[in-house]
Amino acid sequence: MRKAIILTLICFAFSANIFAQEKEETKVINLTYKEFIKKVWNFEKNPSTFKYEGKLPCVVDFYATWCGPCRKVSPIMEKIAKEYDGMLTVYKIDVDKEPKLAATFEVRNIPTVLFIPKEGQPMKQVGALSEQQYKQIIENNLLK
């Protein structure tokens, strides 16, 4: 009985440690409507003028869980978030959970990715690209 309790505690501690490590490694931030207003653009306050609210340039990935191409882009966004950590922020928005945000940017096809510089207007890319193509857009447009 004592061995079973100890073994259960060890398994629980191991599982908790793995979950914590996975949580730490994730650099992509899922956004809700309210968080978008605070961190990216408060279009309720400034509906006609885009004013970025963030400190670092950002990438916003509009996706859906059922979308095949979105599932291919997701690990690329994770990799980009880790590689450019401290230089830009990567956000994800589930279009099924946040349809108002998708409508604001006229997202009709997914994946759609916004590239938002610290100053200036966002650039929209519709459809899945390769990791290298995303990096090229980031280097040329966000990290000049």
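Note that the structure is a prediction, hence the values are computed from the model and not measured. Along the sequence shown, the residues carry numbers beginning at 1.
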Just so I know, are the side chains of Leu143 and Ile138 near enough to count as touching, which here means a heavy-atom distance under 4.5 Å?
yes
Side-chain heavy-atom pair Ile116, Trp41 within 4.5 angstrom cut-off:
no
To the nearest 0.5 Å, atom CD1 of Ile37 lies from atom CG of Asn46 at 10.0 Å
Separation between NZ (Lys97) and OG1 (Thr65), nearest 0.5 Å, reads 7.5 Å
Would you check, one step at a time, whether the test side chain to side chain contact (heavy atoms under 4.5 Å, CB included) holds for Phe36 with Glu53?
CA-CA 9 Å; Phe36 183 89; Glu53 301 291 337; over 6 Å; no
Hey, what do you get for CG (Asn42) to CZ (Phe50), rounding to the nearest 0.5 Å?
11.0 Å
Ile137 and Val59, any side-chain heavy atoms less than 4.5 Å apart:
no
Counting only heavy atoms not in Lys39, do more than 12 sit closer than 6.0 Å to its NZ atom?
yes
Distance-only, no hydrogens or angles: does the Tyr134 side chain make a donor-acceptor pair with backbone N or O of Leu129 under 3.5 Å?
yes
Membership question, hydrophobic clusters at under 4.5 Å side-chain separation (ILVMFWY): are Leu56 and Tyr91 in the same one?
no
Checking Ser130 now: which residues fulfil side-chain hydrogen bond (donor to acceptor under 3.5 Å, both in side chains) with it, not counting sequence neighbours?
Gln133
Less than 4.5 Å apart, side chain to side chain, heavy atoms only: is that true for Ile76 and Lys72?
no
Is there a donor-acceptor pair closer than 3.5 Å between any side-chain N or O of Lys124 and the backbone N or O of Phe105?
yes
With Phe62, which of Leu114, Asp94, Val126 fulfils side chain to side chain contact (heavy atoms under 4.5 Å, CB included)?
Leu114
Between Pro57 and Pro117, which heavy-atom pair has the shortest distance, and what is it?
CB-CA, 4.2 Å
About how many Å separate CD1 of Ile93 and CG of Leu101, when rounded to the nearest 0.5 Å?
5.0 Å
Rounding to 0.5 Å, atoms CE (Met87) and CG (Leu142) come to a distance of 11.5 Å
Lys51 meets the salt bridge (Lys or Arg N to Asp or Glu O under 4.0 Å) criterion, sequence neighbours left out, with none
Give a yes or no on whether Glu44 atom CD has more than 12 heavy-atom contacts from other residues, nucleotides or ligands under 6.0 Å away.
yes
Heavy-atom side-chain contact between Met77 and Val113 under 4.5 Å:
yes
Without swapping roles, check the side chain of Thr104 against the backbone of Lys100 for a donor-acceptor pair under 3.5 Å.
yes
Those residues that, when tested against Glu83, pass salt bridge (Lys or Arg N to Asp or Glu O under 4.0 Å) (two or more places apart)
Lys135
Considering non-hydrogen atoms only, spot the tightest contact between Tyr52 and Cys58 and give its length.
OH-CB, 3.3 Å
May I ask you to test the Ser74-Lys92 pair for a side-chain heavy-atom distance under 4.5 Å?
yes
Which heavy atom in Ile110 sits nearest to a heavy atom in Tyr63, and how many Å separate them?
CD1-C, 4.2 Å
Quick check for you: to the nearest 0.5 Å, what is the distance between Lys27 atom NZ and Ile80 atom CD1?
15.0 Å
Compare every heavy atom of Val95 with every heavy atom of Ala64, then report the nearest pair and how far apart it is.
CB-CG2, 4.1 Å
